[in-house]
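Letters A, B, ... are given to chains in the order of the sequence lines, protein chains preceding strands, and every chain is numbered from 1.
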Amino acid sequence: MTAQARYNGRDSFEEWQKTWQLEDRYNFRTIEKKWQKIWEDEKTYHVEIDRSKPKFYALVEFPYPSGQGLHVGHPRSYTALDIIARKKRMQGFNVLYPMGFDSFGLPAENYAVKTGIHPAVSTAQNIENYTRQLKSLGFSFDWDRAVNTSSPEYYKWTQWMFLELYKHGLAYKDKIAINWCPACKVGLANEEVVGGHCERCGAEVVRKNKEQWMIAITKYADRLIDDLKDLDFIESVKTQQINWIGRSEGAELDFAFEDDKLTVFTTRPDTAFGVTYMVLAPEHAFVEKYMNRFENQAEIKAYIEKAAKKSDLERTADDSKTGVELKGVKAKNPYTGEEIAVFISDYVLTGYGTGAIMAVPAHDSRDYAFAKIFNLPIVPVLEGGDIEIEAFEGDGLHINSGFLNGLNKTDGMNKAIEYAVQHGFGRPKVNFKLRDWVFSRQRYWGEPIPMVYCEKCGWQPIDEKDLPLKLPMVSDFLPNDEGESPLAKATDWVNTTCPKCGGHARRETDVMPNWAGSSWYFLRYTDPKNDEVFASKEALKYWMNVDWYNGGMEHVTLHLLYSRFWHKFLYDCGYVPTSEPYQKRTAHGMILASNGEKMSKSRGNVVNPDEIVENYGADTFRLYEMFIGPFDQAASWSDESLMGVYRFTSKVYGLFKKVYKNEDVPTSADDLRAMHRCILDVTERIDQMKFNTAVSALMTYVNYLSNMKMIPAQMYEVLLKLLSPFAPHLAEEMWARLGYSDLIVLQSWPEGDKKLADSEVVTIAVQINGKMRGTIECAKDADDETVKQKALALDNVARQTSQSEIKKIIVVKNRIVNIVV
RNA sequence: GCGGACGUGGCGAAAUUGGCAGACGCGCCAGACUUAGGAUCUGGUGCCGAAAGGCGUGCGGGUUCAAGUCCCUCCGUCCGCACCA
């Protein structure tokens with residue numbers, strides 16, 4: 001149908017008006033369901049590779065389908081990228097905007113323990129419920145591409161990728177002290193320990209030695225930092241990644257210790273002349289090895305035992321330093337030849353550097369605190385600071401430092417390392433806080449690790465053709481106190497044959513962590529049904545990278561780091577075409593309850609999205625979440641503000657009565673200005689994620705239209721197009737009522753004209769000595785002299801300038817005149 | 001302790017990045033129409049003041065013709081990390 005068709009055969013406004021009997025209220029319940037069905041039936045948002053168009057891949061973090069259903073926080077992110085996706089579509093891009101479910105995880109398993117309902121059953125129900133809720137909000141997801149990490153078709157490839165990691169030597173088994181949650185009975189990655197407590201249940205985490213599958217993410221540490229510089233990530237995300245990886249450049253130095261070498265890592269080799277003692281972590285190998293040489297063995301053993309019992313939290317919560325001297329032994333400073341005392345103390349960590357330090361109390365606050373307690377010498381080797389008060393950690397010129405004297409920090413460091421290398425007792429060294437990724441979980445509801453253990457052949461990967469290795473059905477989901485996975489009880493499944501020798505072997509009973517499936521899901525979206533490969537080269541080449549990825553700040557250290565690593569590994573193997581998965585990453589703020597607290601079931605302040613959709617409609621809900629405040633900041637829910645947006649949608653609906661054909665195109669300069677201003681503002685603000693002010697711009701425009709007697713059709717059509725990414729159902733409905741038979745979401749995005757958007761007459765503020773005294777109306781870009789004369793002619797100005805001398809007049813074009821007297 | 005973000009009406013917030021502070025919305029006040037329903041419409045609304053006018057962006061200072069915006073000191077809030085040598 002063409003534009004002409006819409007007023008067919010009618011020539012008076014009144015007559016035209018009669019053709020649409022508007023209900024008094026905007027009936028969103030019927031309207032929204034109607035359009036959702038049409039979009040679904042017509043597969044409006046389904047995409048395929050189309051080389052005639054530029055592609056755009058918009059991604060949001062897929063949810064864990066919890067039993068509580070969708071949280072009002074989820075749609076904030078989904079709506080934001082839905083708006084971006086819809087706008088890009090209207091701008092001619094081939095847009096991939098997919099959704100799926102990260103469906104392995106602890107809650108489903110805990111629920112199973114409590115109720116006996118199998119995780120597979122509850123997960124399927126929850127996914128169904130989430131899908132219904134998401135569809136009720138009118139997102140433009142391509143549902144044909146939905147993925148589900150707990151389906152065998154999906155985790156087949158997660159397992160396959162694990163095998164690739166194993167074959168490339170990046171997955172290995174190691175007995176290490178892991179973070180153990182005694183309540184969940186599960187090993188946790190460092191990333192899952194928050195302030196010494198289990199991220200999930202809050203119980204205090206203890207250390208426990210266990211054999212675990214590890215992934216050598218540290219091999220990628222440098223690249224994970226360095227490659228950030230070419231990415232369009234918000235600064236806070238980059239900073240968090242960098243801090244988490246924690247690169248420190250320094251040196252390793254060997255100190256003579258008995259007839260052995262005691263190696264330390266330091267970032268300040270320049271302060272080596274100020275070393276007055278050394279400290280080992282209580283777990284350091286030398287303590288055990290040389291125990292019989294120490295004079296105070298009983299005291300040392302008692303200290304080690306005490307330290308072992310302390311959790312990390314206890315160790316760090318108490319920053320008063322404790323320790324024991326290893327009496328009877330000395331170390332030798334390689335720079336000075338001086339003999340120094342050696343201590344053990346739990347302020348030195350076993351897992352970082354070499355587990356031993358050289359202590360420079362004059363220039364390190366921790367060493368300083370320790371030296372004060374144990375009355376050890378404090379020798380300053382840099383000028384500046386006062387060691388009577390505190391350690392001096394700043395820069396200065398070296399003193400008491402032999403050949404380093406007179407050098408500053410940087411020069412001193414270079415020289416000190418150079419000297420150590422020449423004399424064979426040291427070398428430059430880079431250390432990272434990042435540890436290898438603990439990849440085993442003693443749990444049921446996760447991807448089985450496709451490895452078997454044979455007495456003869458050791459750990460063996462299962463054959464690729466046997467993938468997926470399906471998770472067996474069990475009915476008892478409790479791990480035992482030894483921390484063995486529930487899978488250990490499925491003996492039929494556990495006992496198998498060795499792929500190498502054919503003899504008896506046992507399957508790995510630990511499963512993968514939740515982070516595994518989410519490390520590559522964005523790749524699967526490009527080709528979700530493929531059962532030959534995880535995604536075809538063609539699909540990956542066309543769709544990757546993700547152009548814009550939005551998610552929560554809570555995932556920017558863990559998930560983002562893991563998935564970047566995982567992707568880089570696949571890139572190195574030649575399976576994906578790009579070395580980074582996400583070109584742009586943004587983050588949204590949380591939605592809090594009205595009192596500013598987090599929403600939670602226990603607090604009873606949870607807002608249910610279903611109720612909002614039922615009572616106000618999806619469009620109002622979407623608009624409200626965008627209007628609530630700056631997108632990247634936390635915002636509190638408010639029912640009253642929601643009403644304001646509801647009024648707005650009703651107004652848009654009501655305006656239809658005034659749309660009239662004889663005024664098809666706006667002619668007055670004011671009308672044109674209002675329209676083009678709105679186009680430019682909304683367009684720009686969507687790109688910048690300033691959704692709250694984009695909605696404001698729409699409101700301003702609607703207020704303008706409300707004040708018109710009749711609305712030229714084009715002005716209303718532009719409103720609908722600009723509104724359609726935010727409130728797609730309403731826009732679609734009114735578009736259809738205008739007489740169009742094709743969908744508004746397939747129309748092209750309006751072009752704003754900057755010239756028409758600007759006024760020919762500008763209001764210029766007039767100031768005297770920086771204080772506002774009045775305003776004048778001038779033609780746009782009027783020359784300074786005209787503006788000056790007009791300003792001076794103002795009553796208010798004339799009165800004040802007559803009494804004093806004008807020193808200077810500053811004219812800022814189209815903005816302001818400031819008269820200095 | 002370290003790192004980051006931030007502090008603007010009664011409230012959520014805007015401010016073209018140095019140029020009329022408070023757009024837009026909530027709430028509130030007044031009026032209209034109605035008085036069966038979170039109603040709708042019109043106008044007003046930073047503070048003090050009857051008015052002229054004055055004062056206003058956490059506090060104090062500075063730069064500038066001009067500061068919410070830039071610089072320095074302090075205070076406060078939130079979020080990360082937390083003995084990483």
Side-chain angles (χ1 to χ4, degrees), chain A residues 24-25 194-196 235-236 239-240 242-244 246-248 250 264-269 271 279 312-313 315-321 345-349 351-360 363-367 369-370 431-435 553-554 556-557 589-590 594 596 615-616 623-624 627-630 632-648 650-651 654 681 684 690 692-703 706 763-775 807-821:
Chain A
D24 281 347
R25 281 172 68 138
V194 179
E235 220 36 54
S236 59
T239 310
Q240 278 206 37
I242 291 167
N243 289 346
W244 190 265
R247 175 157 66 190
S248 321
V264 300
F265 172 72
T266 178
T267 52
R268 295 295 305 277
T271 61
V279 189
D312 274 2
L313 184 66
R315 281 196 186 190
T316 54
D318 182 10
D319 45 335
S320 68
K321 307 274 184 285
S345 170
D346 62 11
Y347 87 88
V348 173
L349 308 171
Y352 184 76
T354 63
I357 60 152
M358 60 176 218
V360 187
H363 302 290
D364 182 286
S365 57
R366 296 151 304 177
D367 298 345
F370 190 84
N431 255 324
F432 298 93
K433 282 190 216 177
L434 184 71
R435 312 292 156 82
M553 265 325 264
E554 69 275 18
V556 301
T557 36
M590 272 200 291
S594 52
N615 294 329
Y616 302 93
L623 275 162
Y624 171 64
F627 189 59
I628 193 167
D632 57 353
Q633 278 167 44
S636 300
W637 187 267
S638 155
D639 284 334
E640 288 79 25
S641 294
L642 184 70
M643 272 310 292
V645 178
Y646 179 75
R647 277 178 208 134
F648 169 74
S650 305
K651 244 186 198 173
D681 283 349
E684 190 182 301
K690 292 183 173 179
N692 54 335
T693 54
V695 176
S696 301
L698 289 168
M699 286 173 165
T700 305
Y701 184 50
V702 163
N703 289 343
S706 308
T763 310
I764 294 176
V766 180
Q767 300 181 330
I768 294 177
N769 288 344
K771 282 196 191 272
M772 249 282 282
R773 293 297 167 197
T775 56
K807 280 194 189 146
K808 201 167 20 162
I809 300 179
I810 291 138
V811 181
V812 180
K813 236 186 187 44
N814 302 330
R815 293 269 149 82
I816 213 162
V817 180
N818 194 7
I819 301 163
V820 188
V821 298

Counting side-chain heavy atoms from CB outward, which of B:G19, B:A85, B:G38 is closest to A:Tyr616? B:G38
What nucleotide, of B:C65, B:C83, B:A14, holds the atom closest to the side chain of A:Pro630? B:A14
Can you check whether A:Asn818 reaches A:Lys808 side chain to side chain, under 4.5 Å on heavy atoms? no
For residues A:Met553 and A:Gln240, determine if any side-chain heavy atom of one lies less than 4.5 Å from a side-chain heavy atom of the other. yes
What interatomic distance, in whole Å, is found between P of B:U73 and the corresponding atom of B:A66? 24 Å
Under 3.5 Å, which donor-acceptor pairs do the side chains of residues 763-775 of chain A form with other protein atoms, sequence neighbours left out?
unit_1, atom_1, unit_2, atom_2, d
A:Thr763, OG1, A:Glu777, OE2, 3.0
A:Asn769, OD1, A:Val821, N, 3.1

Students often mix this up, so state it plainly: with edges at 30° and 60°, are the rings of A:Tyr646 and A:Tyr616 parallel, tilted or perpendicular? perpendicular
Of the nucleotides B:A85, B:A14, B:A15, which has the atom closest to the A:Lys690 side chain? B:A15
Interatomic distance where NZ belongs to A:Lys321 and C1' belongs to B:C83 [whole Å]: 5 Å
Rounded off to whole Å, could you give me the CZ-to-P distance for the A:Arg247 and B:G3 pair? 19 Å
Taking atom P in both B:G38 and B:G54, compute the distance separating them and give it to the nearest angstrom. 47 Å
Taking atom CG of A:Leu623 and atom CG of A:Leu698, what is their separation to the nearest 0.5 Å? 7.5 Å
Mind checking whether A:Ile357 and A:Tyr347 have side chains closer than 4.5 Å, heavy atoms only? yes
Atom C1', compared across B:A32 and B:A13: separation rounded to whole Å: 31 Å
What heavy-atom pair brings A:Ser696 and A:Phe627 nearest, and what distance separates the two atoms? OG-CE1, 3.7 Å
Scan nucleotides 52-55 of chain B against the protein and return all N/O pairs shorter than 3.5 Å with their distances rounded to 0.1 Å.
unit_1, atom_1, unit_2, atom_2, d
B:C55, OP2, A:Lys771, NZ, 3.4

Can you give me the N/O atom pairs linking the protein to nucleotides 20-30 of chain B at distances under 3.5 Å, or say none if there are none?
unit_1, atom_1, unit_2, atom_2, d
B:C20, N4, A:Thr763, O, 3.4
B:A23, N1, A:Ser696, OG, 3.4
B:G25, OP1, A:Asn703, ND2, 3.1
B:C26, OP1, A:Arg647, NH1, 2.5

Can you tell me, in whole Å, how much space there is between the P of B:G68 and that of B:U57? 7 Å
Spell out yes or no: do the side chain of A:Lys807 and the base of B:C65 have one donor N/O and one acceptor N/O closer than 3.5 Å? no
